[in-house]
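Side chains are part of it too, since the values below use all heavy atoms of this structure and drop only hydrogens, waters and symmetry mates. Below, chain A is the first sequence line, B the second, and so on; all start at residue 1. Values in this document were obtained by computation on a predicted structure and should not be read as measured data.
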2 protein chains.
Amino acid sequence: MASAVANSEEVFTPRQQQVLTAALDLLVEQGDRLTMTSVARRASCSKETLYKWFGDRDGLLTATVQWQAAKVKAPQVDRWRLDSASLRQSIEQFARDLLGTIVGDVSVTLNRLAIGHAGAEKHGLGAIVLENGPLAIRKRLKPVLEAGREARLLRFDSSEEAYRSFFGLVVRDAQIRLLLGETFTPAEAEIARDAARATEQFLAIYAVHPAA
Amino acid sequence: MASAVANSEEVFTPRQQQVLTAALDLLVEQGDRLTMTSVARRASCSKETLYKWFGDRDGLLTATVQWQAAKVKAPQVDRWRLDSASLRQSIEQFARDLLGTIVGDVSVTLNRLAIGHAGAEKHGLGAIVLENGPLAIRKRLKPVLEAGREARLLRFDSSEEAYRSFFGLVVRDAQIRLLLGETFTPAEAEIARDAARATEQFLAIYAVHPAA
DNA sequence: GCCGAACCGTAACGTACGGTACGGTTCACG
DNA sequence: CGTGAACCGTACCGTACGTTACGGTTCGGC
């Protein structure tokens, strides 16, 4: 029986990573329609090797998603001194990271893929994406929020709830619109502006002294 | 050349609606994997009829989505007197409607389907879902927001921006988590509570006198 | 230089499913 | 009745693609 979610830290040889890169590229280019043949051709390897390494098509896709998701180890915000300004800066940085990731091609592609699989009763990919997307950011943001509360800068009952509102203020309807096929690619400046706005709104709700 | 999005008000005979109901049920049950044969069997009709009525598989899916989407004509909030309390009530009602819809089986299924199609370069379904989901609610909320601004109860530059933040505060990460396969079905009470919280937060940001 | 393991390229197999054809049945209409 | 349109059920076709099989090639170890 395969475990529901393979959380083990799979490690791939350079050659295997070339294959996964090819798969990811094809995924971004043509979505779930990529064929094993096309991956083999793009990666200049044989289908036999694909099956030997990854078991079957789903294994290849899972490996691709895991491998890519593992790369999104965004830089831990370093030591924040607990004044109002640095707290705001930390939060805004998170907002920029989150929004920038979510509007990216790779994120849209992988989320589409995982959603498609979830619709086919195969929740493995969905769990992986969930774990490495929203939940990962939440885990990293949580200590910042709680330190802010500790320092009487923020006020909330549950950091979970606070995080979810933060997520909503940052992402809004951008992700669902992109997933549904709308094509817009905000420039770096727009992302920064949106992140700043979201941060401001978040603080308006959760800061003890919003004006500070 | 078929138009990109068939916006015409397709009208279906009762028998055809039975077929569409069967298709929708199968969609909810097994996602995009439903076959023409299964639809024909469930609806007790012949495949020949399916092809005659809907052209091809995509036509059937498109008709199903259009037909279902057209049913989400949520009740227009009736005359709101422009005091702070009634404005809040109107907004909260929208929040309940929006959240209740989005966490429903049918919404999740249809969004998954449309997202899958968007990933296959077929943006028709995505456009339909977009049009009848977020955009429809936005169109209905907009006059409320602008009346609130007119009455000096709300303050914002663009109703578009205000709506998007509203959407974020209401939906947060619930939709993406559901799409990715997490299974939770909030009770009516939870939805109402979340809607109230979102409304409060929205007003904290956009109301001229948040304490009012 | 020899051996075996790993890998490449390609051909072939099996199957599921979209789409079509066709004979049989119902039913409205004259 | 008689007739024809609409529809049901089912058998059938074509194809795309996942998966397997196999002969040929590279390459590290002795």
For L50(B) and dA6(D), give me the distance from atom CG to atom C1', rounded to whole Å.
-> 14 Å
Is [X] salt-bridged to [Y], cutoff N-O under 4.0 Å?
| X | Y | value |
| --- | --- | --- |
| R138(B) | E160(B) | yes |
| D58(B) | K122(B) | yes |
| R149(A) | D157(A) | no |
| E92(B) | R96(B) | yes |

What string of B, S and - do you get for nucleotides 7-18 of chain D, 5' to 3', if B is base contact, S is sugar-phosphate-only contact and - is no contact with any protein heavy atom under 4.0 Å?
-> SBB-------SS
Any sub-3.5 Å donor-acceptor pair from S107(B)'s side-chain atoms to G104(B)'s backbone N or O?
-> no
